[in-house]
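Written out below as structure tokens is the structure these notes cover.
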Amino acid sequence: MAKDKKFVEEITPMNQDFTQWYTDVIKKADLVDYSSVRGCMIIRPYGYAIWEHIQRELDDRFKKTGHENVYMPMFIPESLLQKEKDHVEGFAPEVAWVTHGGSEKLTEKLCVRPTSETLFCDHYKNIIHSYRDLPKLYNQWCSVVRWEKTTRPFLRTLEFLWQEGHTAHADAEEAQEETIRMLNVYAEFCENVLAIPVVKGQKTEKEKFAGARNTYTIEALMHNGIALQSGTSHNFGDGFAKAFEIQYTDKNNQLQYVHQTSWGMTTRLIGALIMVHGDDSGLVLPPRVAPVQVVVIPISQHKEGVLEKASEICSRLSGSFRIRMDDSDKSPGWKFSEYEMKGVPVRLEIGPKDIEKRQAVLVRRDTREKSFVPLDELEDSIAGLLDSIHMNLLDKATRLRDEKTFTVVDFSQFEQIINETPGFIKAMWCGDRACEDTIKEKTGATSRCIPFDAEPVSDKCICCGKEAKTLVYWGKAY
RNA sequence: CGGGGUGUAGCGCAGCUGGUAGCGCGCUUGGUUUGGGACCAAGAUGCCGCAGGUUCGAAUCCUGUCACUCCGACCA
């Protein structure tokens, strides 16, 4: 069937080799280029534009929840990094150090921030004195460096872009509320902007952030059944406050420690987008972050009036959509394939026949469905199409996740699923670290999270058979 | 950090039984085309990843090194 014909020939099919597919897509869609520094990447205009839309959407949500943006230094003195014991131990293996300034050796090494808890704490100590100074709701957009062993564009690079929220509150309840509030913001953002369904839950002791009291996470499932931690929100309790002596005087003139949170999302989300929505023709971008929402392709553009009509439509619609015309002298077929690879949600074709009939051809990227729309109805049709594409992507991703989510009460079944049909595995756990370690050792799966709305599926731990405490989502993860 | 693979034109590759580099795509120019990756003609493009060594002579053989990539251990 012509319908099944593959139009894009330069991308390895997903089911043949998923990682190669991923590499092909990011290169062919011009998202990144490799850099001369090992493990780093150059984010190209098309990739960066996606990030800018992610930033804008997230930043709006942060502002609406009362947060302010700040900027902290990129360097952390060694002594500062070491103030909170668990925190240093967690990050020590992967920090980059600056030892020289020019040709002079520094008296104290500077760490290139892997995260900025210590910087925020050091600052909070100076500016928080009274309950009237609370809460402090700060966020920063920056890059951080973690010296990883193996890297993969967007999913794990030595340097990556992110935002890190850092807040300080008067009491434990308020900090906990903030932690959950921001987790919910993340989940809502993933679904409404990225069209990615997520599982919300709490990390186990083993998987939680170094220095945190509790870590909450949103977990997404990629096309190949591998889980991706897509955002985390941490409640620090007063652990950092005690290490950094961040105290304030309360209404009763008593000294109190603050309670803190932090939460972050990274350029990894772009990797998630690719691996959740992409197909064998390349990227499929959710309309709300697509740098170009509509690409206009004039057909027989050398003919009288075609380019004029196409430009006219383009400028008319540019107030409503991110729209671009390609009037290069490539053949139309080439352009079709090109913008499919790049995941542009809607293609608008306009040629002599259309002009005669006062219509345009709209083709949606997700289903390739074609429609013929009168020129004066384009605004409404496109707006409807973009919404429909978003909903369809979310539906498809949700179905895929549900199909790849298994409930398991028997260990051999667990192993079988991980090996044969990877995905989320819902299984009961006794709460012991030993069982978590054993499961990882035997299956390669880690605990992704303890979901909030969990119904027990049995009363015995999947690993040791003893009394189970909670349901856990398990899976292989990036 | 362990194991495998790969580095030759912008991209994908051939050349690896030593004799000084080729193909396809892309790029430039001109013409014909244009509703699913068009065609013809004429061009341009190389420190053969890098550093040593063997040799009269190295893309080719040897040693080292760096990068990319895949698979495992650690992490967003």
Side-chain angles (χ1 to χ4, degrees), chain A residues 2-3 5-12 17-20 22-24 27-28 30 33-41 89-95 114-115 143-164 186 203 206-210 215 217-220 227-234 262-272 281-282 297-303 306-307 327-341 347-355 360-361 363 368 370 372 437 440-441 444 446 476-478:
Chain A
K3 233 184 165 168
K5 187 170 176 279
K6 196 165 153 290
F7 295 123
V8 173
E9 306 292 347
E10 297 176 356
I11 295 172
T12 307
D17 183 347
F18 192 82
T19 48
Q20 188 58 47
Y22 179 78
T23 308
D24 287 349
K27 289 287 288 181
K28 294 293 176 191
D30 294 336
D33 197 10
Y34 291 101
S35 78
S36 48
V37 184
R38 178 195 79 83
C40 293
M41 64 174 169
E89 283 174 9
F91 281 99
E94 52 190 33
V95 295
T115 177
S143 75
V144 289
V145 169
R146 298 182 189 176
W147 217 260
E148 302 287 352
K149 304 281 169 55
T150 54
T151 57
R152 215 197 289 269
F154 292 122
L155 301 176
R156 172 157 294 105
T157 47
L158 295 197
E159 182 188 11
F160 57 92
L161 303 179
W162 80 343
Q163 67 52 225
E164 46 179 326
Y186 284 164
K203 286 289 188 188
K206 176 181 160 79
E207 297 288 331
K208 76 176 192 189
F209 180 82
T215 290
T217 177
I218 50 173
E219 299 283 326
L228 188 75
Q229 179 177 306
S230 304
T232 47
S233 187
H234 316 286
S262 92
W263 25 275
M265 270 192 159
T266 79
T267 35
R268 173 181 258 194
L269 287 173
I270 298 174
S281 299
I297 299 183
I299 306 292
S300 301
Q301 62 187 42
H302 59 293
K303 290 196 180 154
V306 173
L307 269 182
D327 60 355
S328 69
D329 57 7
K330 300 279 192 195
S331 72
W334 189 92
K335 292 176 189 173
F336 296 168
S337 301
E338 182 67 11
Y339 295 103
E340 267 169 35
M341 275 198 303
R347 175 172 90 227
L348 189 158
E349 301 171 23
I350 177 111
K353 285 185 239 166
D354 302 309
I355 294 174
V361 182
V363 184
R368 288 214 176 81
K370 210 177 241 199
F372 301 85
D437 289 339
K440 181 165 186 193
E441 199 181 306
T446 50
K476 286 196 175 175
Y478 275 111

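The basis for the numbers below is simple: all heavy atoms, side chains too, and nothing from hydrogens, waters or symmetry mates. Just so you know, these numbers come straight off a predicted model, no measurement behind them.
A:Tyr339 has no side-chain polar atom (N or O) that falls below the 4.0 Å cut-off from OP1 or OP2 of B:G36. Contact between the side-chain N/O atoms of A:Arg152 and the OP1/OP2 oxygens of B:C70 is found at a separation under 4.0 Å. Residue A:Ser331 has a polar side-chain atom (N or O) positioned under 4.0 Å from OP1 or OP2 of B:A38. For A:Lys330, no side-chain nitrogen or oxygen approaches OP1 or OP2 of B:G36 to under 4.0 Å. Distances shown here put every side-chain N or O of A:Lys335 at or beyond 4.0 Å from the OP1 or OP2 atom of B:U34.
At a threshold of 4.0 angstrom between heavy atoms, the contacts of A:Thr157 include nucleobase atoms, whether or not backbone atoms are also involved. Base engagement by A:Pro352 is indicated by at least one non-hydrogen atom pair under 4.0 Å involving a base atom. Within 4.0 Å (heavy atoms only), A:Thr266 reaches at least one base atom of the nucleic acid. Nucleic acid contact class of A:Leu228 (heavy atoms, under 4.0 Å, all strands): none. Among the protein residues, A:Arg38 comes within range of the sugar-phosphate backbone only, with heavy atoms under 4.0 Å from sugar or phosphate atoms but none that close to a base. Contacts of A:Gly271 with the nucleic acid, taken as non-hydrogen atoms under 4.0 Å apart, are absent. Among the atoms of the strands shown, base atoms are found under 4.0 Å from some heavy atom of A:Phe160. Note on A:Gln229: only backbone sugar-phosphate atoms sit closer than 4.0 angstrom, heavy atoms only; bases stay farther off. No engagement by A:Thr232 is indicated, since no non-hydrogen atom pair under 4.0 Å with the nucleic acid exists. Among the heavy atoms of the strands lying under 4.0 Å from A:Asp354 is at least one base atom, whether or not backbone atoms are also near. Looking at heavy-atom distances under 4.0 Å, A:Lys440 makes contact with sugar-phosphate atoms alone, never a base. Residue A:Val361 is in base contact, counting any heavy-atom pair closer than 4.0 Å across all strands shown.
Applying the side chain to side chain donor-acceptor pair (under 3.5 Å) test between A:Thr215 and each of A:Glu207, A:Lys203, A:His234, A:Gln229 identifies A:His234 as the sole match.
Remark: the separation of the C1' atoms in B:G37 and B:G26 is 13 Å, to the nearest Å. The P atoms of B:G10 and B:G3 are separated by 33 Å, rounded to the nearest whole Å.
Across B:C74, B:G37, B:G36, the shortest atom-to-atom separation from the side chain of A:Glu338 is found for B:G37. Distances were taken from every side-chain heavy atom of A:Ser337 (C-beta onward) to each of B:C74, B:G36, B:C70; the shortest belongs to B:G36. Taking every side-chain heavy atom of A:Glu148 into account, B:C74 is the closest of B:G35, B:G36, B:C74. Looking at the side chain of A:Arg368, the nearest of the listed nucleotides B:G35, B:G36, B:U69 is B:G36. Distances from the side chain of A:Lys149 to the nucleotides B:C70, B:G35, B:A73 place B:A73 closest.
Side-chain contact of A:Arg368 with A:Ser281: a donor-acceptor pair under 3.5 Å is present, judged by distance alone.
With A:Tyr22 as the aromatic partner, A:Arg152 does not meet the cation-pi criteria of under 6.0 angstrom to the ring centre and within 45 degrees of the ring axis.
Once the 5.5 Å centre distance and the 30° plane angle are applied, the aromatic ring of A:His302 is found stacked with the base of B:U34.
A salt bridge does not link A:Lys149 to A:Glu94: none of the charged side-chain nitrogens sits closer than 4.0 Å to a carboxylate oxygen. The existence of a salt bridge linking A:Arg146 and A:Glu159 is excluded, since no basic side-chain nitrogen approaches an acidic carboxylate oxygen closer than 4.0 Å.
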After noting the C-alpha distance and the side-chain angles of A:Phe209 and A:Phe91, does the key distance pass the ring-ring contact (aromatic ring centres under 6.0 Å, His included) rule?
CA-CA 10 Å; A:Phe209 180 82; A:Phe91 281 99; 5.6 Å; yes
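Remark: P of B:U69 and CZ of A:Phe18 are 16 Å apart, rounded to the nearest angstrom. One can place NZ of A:Lys27 at 10 Å from C1' of B:G10, the figure rounded to the nearest angstrom.
When the nearest nucleotides of RNA chain B are assigned to A:Tyr34 and A:Pro93 by heavy-atom distance, the more 5′-ward of the two goes with A:Tyr34.
A:Glu164 places a side-chain heavy atom less than 4.5 Å from the side chain of A:Trp162.
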